[in-house]
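Worksheet for the structure shown next.
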Amino acid sequence: MHVFYTPDIQKNYELPEEEAQHCTRVLRLGIGDEITLTDGKGHFYKAEITVATNKRCLVAIKETIFQEPLWPCHLHIAMAPTKNMDRNEWLAEKATEIGFDELTFLNCRFSERKVIKTERIEKILISAIKQSLKARLPKLNEMTDFDKFIAQEFQGQKFIAHCYEGEKPQLKNVLKAGEDALVLIGPEGDFSEEEVKKAIECGFTPISLGKSRLRTETAALVACHTMNLLNQ
């Protein structure tokens, strides 16, 4: 099944240029061929190609299919990006395949990467929803300072995963299914003790993701999988 991302398909029956080129030049699809579209907002569309050139692809919509939400709540991962950009991209892809709703990159005290270009991450999210047949594109936020982020309102459960000593129940034992959830994941050097303290003061619950010591991107994926699995 060929799936193409067309966020404005309800207003404009033309594929974005990059998707059009992939459709007509790479896959060599032409007039009369049937394809599947998604707007990333909860809908799939069965469509037929009506115009096909090297740079343009117009379609006629044959059927609109609404995809029910695959989980009943909003799942948000906020993590400090790793120094190696490939690992951030891997996390974005795999988390989307598993299923979540929102990704925020955090600028923490011990962050090794202070700037991140979200354009590449956005393309990976789009590719992942097409590959995993999801009709909803996760929201991607620009990098946000840790202190500013934790002070924002969030209607749901709030958790912070860190490596310091202390009472930390496992996420799977305290997460309430059906409720919105936000999990903070720190950089390779962990959150600072001051950041953990501030997060707790802002209503975040310290949690563990298991007995193993995990890389940042692995911890984020474990948190994503735990939230998704408990909400299936």
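Here the structure is a predicted model, which means the values were calculated and not measured.
Side-chain N or O atoms of T82 include one that pairs as donor or acceptor with a backbone N or O of N84 at under 3.5 Å. Remark: the backbone N or O of P16 is not paired with any side-chain donor or acceptor of E19 at under 3.5 angstrom. Using modelled atom types, one side-chain atom of N228 and one backbone atom of I98 make a donor-acceptor pair closer than 3.5 Å. Although no hydrogens or angles enter the test, the distance criterion places a donor-acceptor pair under 3.5 Å between the side chain of Q67 and the main chain of A135. In terms of modelled atom types and a separation under 3.5 Å, the side chain of S132 and the main chain of A128 share a donor-acceptor contact. A donor-acceptor pair under 3.5 Å is absent between the side-chain atoms of N107 and the main chain of K114, judged by distance alone. Under a 3.5 Å cut-off, the side chain of S208 and the backbone N or O of G210 do form a donor-acceptor pair. Using a distance-only test at 3.5 Å, with no hydrogens or angles considered, a donor-acceptor pair links the side chain of K158 to the main chain of C202. Judged purely by atom type and a 3.5 angstrom limit, T216 uses its side chain to pair as donor or acceptor with the backbone of G186. Counting only distance, with no hydrogens or angles, the side chain of T24 and the backbone of T53 share a donor-acceptor pair below 3.5 Å.
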Side chain to side chain contact (heavy atoms under 4.5 Å, CB included) between I35 and V59, worked out: CA-CA 9 Å; I35 58 177; V59 299; 3.9 Å; yes
Walk me through it: do E14 and R56 pass the test salt bridge (charged side-chain N to carboxylate O under 4.0 Å, His left out)? CA-CA 7 Å; E14 181 173 359; R56 300 190 67 191; 2.8 Å; yes
With side chain to side chain contact (heavy atoms under 4.5 Å, CB included) as the criterion, how do L37 and F44 come out once you've worked through the C-alpha distance, each side chain's angles and the decisive distance to 0.1 Å? CA-CA 6 Å; L37 315 174; F44 285 115; over 6 Å; no
One pair to check against side chain to side chain contact (heavy atoms under 4.5 Å, CB included): L184 and I150. What are the steps and the verdict? CA-CA 9 Å; L184 307 183; I150 63 172; 3.9 Å; yes
Are K46 and E63 close enough, and set up right, to give a salt bridge (charged side-chain N to carboxylate O under 4.0 Å, His left out), and what steps lead you there? CA-CA 5 Å; K46 299 293 184 181; E63 182 182 3; over 6 Å; no
Side chain to side chain contact (heavy atoms under 4.5 Å, CB included) between Y5 and L137, intermediate numbers included: CA-CA 10 Å; Y5 177 61; L137 181 68; 3.5 Å; yes
What verdict does the salt bridge (charged side-chain N to carboxylate O under 4.0 Å, His left out) test give for E89 and R120, after you've listed the backbone C-alpha separation in whole Å, the side-chain angles of each residue and the deciding distance to 0.1 Å? CA-CA 8 Å; E89 295 174 358; R120 170 65 180 165; 3.4 Å; yes
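Using a 4.0 Å cut-off between a side-chain N of Lys or Arg and a carboxylate O of Asp or Glu, K198 and D147 qualify as a salt bridge.
With hydrophobic clusters built from ILVMFWY side chains whose heavy atoms lie under 4.5 angstrom apart, I200 does not share a cluster with V183. Both I121 and I185 are part of a single hydrophobic cluster, where members link through side-chain heavy atoms under 4.5 Å apart. Residues M143 and M85 fall within the same hydrophobic cluster, defined by Ile, Leu, Val, Met, Phe, Trp and Tyr side chains chained together at heavy-atom separations under 4.5 Å. In terms of hydrophobic clustering, with Ile, Leu, Val, Met, Phe, Trp and Tyr side chains grouped at heavy-atom distances under 4.5 Å, L140 and W90 are assigned to a common cluster. Connection of I61 to L29 is established within a shared hydrophobic cluster, with ILVMFWY side chains joined at heavy-atom distances below 4.5 Å, either directly or through further cluster members.
Rounding to the nearest 0.5 Å places CG of D86 at 10.5 Å from CD of E217. Taking CG of L75 as the start and CG of D180 as the end, the distance is 8.0 Å to the nearest 0.5 Å. With values rounded to the nearest 0.5 angstrom, E17 atom CD is found 5.0 Å from Q21 atom CD. Within the model, atoms OG1 of T50 and CG of D33 stand 12.0 Å from one another, a figure rounded to the nearest 0.5 Å. Taking CE of M227 as the start and NZ of K172 as the end, the distance is 16.0 Å to the nearest 0.5 Å. Rounded to the nearest 0.5 angstrom, F110 CZ and D190 CG are separated by 8.5 Å.
Taking a 6.0 Å sphere around CD of E18, one finds it holds 12 or fewer heavy atoms contributed by other residues, nucleotides or ligands. Counting non-hydrogen atoms of other residues, nucleotides and ligands closer than 6.0 Å to CZ of F154 gives a total above 12. The 12-atom threshold is not exceeded at NZ of K55, counting heavy atoms of other residues, nucleotides or ligands nearer than 6.0 Å. In the displayed structure, Q155 atom CD is contacted under 6.0 Å by at most 12 heavy atoms of other residues, nucleotides or ligands. Heavy atoms from other residues, nucleotides or ligands lying under 6.0 Å from CZ of R113 number more than 12.
With a 4.5 Å cut-off on side-chain heavy atoms, K168 and I207 do not count as touching. L58 places none of its side-chain heavy atoms less than 4.5 Å from the side chain of I49. Residues C73 and N231 meet the side-chain proximity criterion, which asks for heavy atoms closer than 4.5 Å. R109 places none of its side-chain heavy atoms less than 4.5 Å from the side chain of F146. Between K94 and E97, the closest side-chain pair of non-hydrogen atoms falls below 4.5 Å.
Judged by distance alone, the side chains of E142 and T118 do bring a donor and an acceptor atom under 3.5 Å apart. Looking only at atom types and distance, the side chain of Y45 has a donor-acceptor partner in the side chain of D39 under 3.5 Å away. In this model, a donor atom of one side chain and an acceptor atom of the other lie less than 3.5 Å apart for E102 and H74.
Contact between A80 and P187 at its shortest, heavy atoms only, is CB-N, 3.5 Å. Across A220 and L91, no two heavy atoms sit closer than the pair CB-CD2, 3.8 Å. The shortest heavy-atom contact between I77 and C224 is CD1-N, 3.9 Å. A pairwise comparison of heavy atoms in I129 and R136 identifies CG2-O, 3.5 Å as the closest pair. Residues N88 and P81 share a closest heavy-atom pair of OD1-CA, 3.3 Å. The two residues A161 and L209 come nearest to each other via the heavy atoms CB-CD1, 4.0 Å.
Aromatic ring orientation, H2 versus F4: tilted (interplanar angle from 30° to 60°). Between H76 and F149, the ring planes are perpendicular. Angles over 60° get that label, and only those under 30° would be called parallel.
The distance between the ring centers of F191 and Y164 does not fall below 6.0 angstrom. Within the 6.0 Å centre-distance limit, the rings of H43 and F66 are counted as a close aromatic pair.
Applying side-chain contact (heavy atoms from CB on, under 4.5 Å) to N141 and the options T104, L106, L103 leaves one that passes, T104.
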